[in-house]
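Working notes for the structure below.
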Amino acid sequence: MKICVVNPFEHGGGAEYQTSLLIEALGAGRDVTYLTHFADRRPRARSYRIEVVGDGGPIPRVGYLAEARSLYRKLEKIGPDVIYQRVACAYTGVCAYYSRRHSVPMIWHVCHEAEVAPRMLERVRNMPRQWIETRAVAYGARRATRIVVQTERQAELLRENYGRAADAVIPNFHPPAREAIDKSGPFTVLWVANLKTWKQPDAFVRLAARFASRSDIRFVMIGAPAAATGNHAWREALMRGIEQTGNLEYLGERPQAEVNELLARAHVFVNTSKAEGFPNTFIQAWMRDAAVVSLCVDPDGVLEREGLGIAAGTEDRLAAAISRLSADREALAGYARRARAHVAAHHSLENARRLVELLDAEARGTHG
């Protein structure tokens, strides 16, 4: 069976990590080609081929639609039995177009609420590119063979905005934690994400600054440095704020294994994003007994409903939650206990196997 995985990135965020876990779950007997614009050039073991779409340079000014011909021709050359597309962009529309013309099933896997709610997209200076990408995604959303979402909220937004019912709701998945859980060190509050405006890392910097007089609380920040393009003033202010916050330790980008080690020692994990799909970091934290405190994001209300963490809503309540948890180890233990049970029930690698079964079923349906 030939499978084309199509994603503008091969390495970087949660969607790419989930894709790598899916490819591992596919195992032997399937011929996987990863079509991407930004390939991970670092040496590492791979069970798939990588082909770069376009020239692999900066994103074209008009967005990924500029690479439509390149992507289409690569799909024609490979002749996949099924296409798996993740991270909504013009690639979504191109894959759907190819799928329709060649009667090849395409599975679009939603990874962020904004992908199924265009009004949530952050406004950018390059409005023509955003207009083009948004319409290409809409084309793909209406014509993909199957659509997989992460949450019931995403399924609801898909119906509202594109008139489509989700074919499956499959939560994100992770392998079991292997790290030794050790919370004996100083009370540690950890933040992990790429430094992007919608991730609101500046909110975490302000949070740390509120506790400048508390030597018993340690704030640690992990994330790839802000890109050299985009909002220069915001980027410079963020880095300046990090440098000036004496009780905040910024570690830059770190590999997944190191992030998990730090979570195993952290007491609280903080998310400050405006919106997400389903954060992989929530699952990583839950698996390692770190209480989740979120400023805005609570997918399907799971934090509050299941008692898996705190949905703060405001920066004042975020700070109050940190202050309370630093003094209440019993509450921390309760969050950890409930989170471990929830992860085992809802976020195991069994979800990856469900995706594999869907891919196999679609490929068999096309070719008998």
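FYI, side chains are in, hydrogens and waters are out, and symmetry mates aren't considered; it's all heavy atoms of this structure. Residues: numbered from 1 along the sequence shown. Keep in mind it's a predicted model, so treat the numbers as computed, not measured.
Between the side chain of N194 and the backbone N or O of K196 there is no donor-acceptor pair closer than 3.5 Å. No side-chain donor-acceptor contact under 3.5 Å links D81 to the backbone of A363. Checked by atom type and distance alone, the side chain of R218 never pairs as donor or acceptor with a backbone atom of P186 at under 3.5 Å. Within the 3.5 Å criterion, the main-chain N or O of F173 finds a donor-acceptor partner in the side chain of Q18.
For D316 and T314, the side-chain atoms include no donor-acceptor pair closer than 3.5 Å. With 3.5 Å as the limit, one finds no donor-acceptor pair spanning the side chains of E115 and Q154. A donor-acceptor contact closer than 3.5 angstrom is absent between the side chains of Q284 and Y17. Between the side chains of Y250 and E243, not a single donor N or O lies within less than 3.5 Å of an accepting N or O.
Closest heavy-atom contact between T145 and E362: CG2-OE1, 3.7 Å. Between W286 and L308, the closest heavy-atom pair is NE1-O, 3.2 Å. Nearest approach of A208 to N247, heavy atoms of both residues: O-ND2, 2.8 Å. Considering every non-hydrogen atom in both I310 and L303, the closest pair reads O-CD1, 4.0 Å. In terms of heavy atoms, F211 sits closest to I217 at CD2-CD1, 3.8 Å. The heavy-atom pair separating I78 from L35 by the smallest distance is CD1-CD2, 3.9 Å.
In this pair, H102 and Y72 present their aromatic rings tilted. The plane angle is within the 30 to 60° band. Taking the six-membered ring for Trp and thresholds of 30 and 60 degrees, Y97 and Y139 have ring planes inclined between 30 and 60 degrees apart.
Remark: aromatic rings of F278 and H347 are close, center separation under 6.0 Å. For H112 and W198, the distance between ring centers is under 6.0 angstrom. A distance of 6.0 Å or more separates the ring centres of H342 and F282.
At a threshold of 4.5 Å between side-chain heavy atoms, the hydrophobic network of Ile, Leu, Val, Met, Phe, Trp and Tyr places W191 and M287 in two separate groups.
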Worked verdict on E350 versus R353 for salt bridge (charged side-chain N to carboxylate O under 4.0 Å, His left out): CA-CA 5 Å; E350 178 59 32; R353 287 187 278 274; 3.0 Å; yes

Stepwise salt bridge (charged side-chain N to carboxylate O under 4.0 Å, His left out) test for R153 and E156: CA-CA 5 Å; R153 174 60 177 163; E156 179 184 335; 3.1 Å; yes

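Atoms NZ and CD, from K74 and E51 in turn, are 4.5 Å apart once rounded to the nearest 0.5 Å. Atom CZ of R288 sits about 12.0 Å away from atom CZ of F269, to the nearest 0.5 Å.
The number of heavy-atom neighbours closer than 6.0 Å to CZ of R73, taken from other residues, nucleotides and ligands shown, is 12 or below. For R329, the CZ atom is densely surrounded, since the number of other residues' heavy atoms within 6.0 Å is greater than 12.
Figure legend: R159 and Y162 shown without cation-pi pairing, the cationic atom not lying both under 6.0 angstrom from the six-membered ring centre and within 45 degrees of its axis.
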